[in-house]
Amino acid sequence: RKILVMAGAGISTSAGIPDFRTPGTGLYDNLQKYNLPQPTDVFSISFFKDNPAPFYQLAKELYPGQYTPTPTHHFVRLLHDKGVLLRCFTQN
């Protein structure tokens, strides 16, 4: 038997990684320091071509290794290690 995992941002928020849209704590609600015309511009290729600095600053803040994996992350890894994970679809 193989297992398919479909996960949302909630599996990472308890590790301190923000989701995108939660008012007050979401990523898009906390990008004021980048002075973006729109919060989503940080991921816009046309904006990046003109001003890549906000993307690189954000990427540095979210760089892997700064957060501790959650129990759900460990569970998905266990499925992989046991050879039963077929796919893991996530919005993270």
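- Applying side-chain contact (heavy atoms from CB on, under 4.5 Å) to His73 and the options Ile11, Leu78, Thr68 leaves one that passes, Ile11.
- Within the 4.5 Å cutoff, no side-chain heavy atoms of Ile3 are placed close to those of Leu86.
- Residues Gly24 and Asn30 share a closest heavy-atom pair of O-ND2, 3.2 Å.
- Residues Thr25 and Pro18 form no side-chain contact, since every pair of their non-hydrogen atoms from C-beta on lies 4.5 Å or further apart.
- Note that OG of Ser46 and CG of Asp41 are 7.0 Å apart. Values are rounded to the nearest 0.5 Å.
- In the hydrophobic clustering of this structure, Tyr56 groups with Ile17; members are Ile, Leu, Val, Met, Phe, Trp, Tyr whose side-chain heavy atoms approach within less than 4.5 Å, directly or through other members.
- Considering OG1 of Thr90 and CE of Met6, their distance stands at 10.0 Å, rounded to 0.5 Å.
- Side chains of Phe75 and Val5 form no contact here, defined as non-hydrogen atoms less than 4.5 Å apart.
- Using a 4.5 Å heavy-atom threshold, the side chains of Ile45 and Lys49 count as touching.
- Annotation for Leu31 and Pro39: closest pair CD1-O, 3.5 Å, computed over non-hydrogen atoms.
- Ring geometry for Phe43 against Phe20 counts as tilted: the plane angle lies between 30° and 60°, on a 0 to 90° scale.
- Among pairs with a residue in residues 13-37, those fulfilling salt bridge (charged side-chain N to carboxylate O under 4.0 Å, His left out) read Lys33-Glu61, at least two apart in sequence or across chains.
- A donor-acceptor contact shorter than 3.5 Å is absent between the side chain of Asn51 and the backbone of Phe47.
- At a threshold of 4.5 Å between side-chain heavy atoms, the hydrophobic network of Ile, Leu, Val, Met, Phe, Trp and Tyr places Leu79 and Phe89 in two separate groups.
- Separating the CG atom in Leu58 from the CG atom in Leu27 is a distance of 5.0 Å, to the nearest 0.5 Å.
- Of all heavy-atom pairs spanning Ser12 and Thr70, the tightest one is CA-CG2, 4.5 Å.
- Contact detail for Phe55 and Val42: the closest heavy-atom pair is CD1-O, 3.5 Å.
- Around atom NZ of Lys2, more than 12 heavy atoms belonging to other residues, nucleotides or ligands sit under 6.0 Å away.
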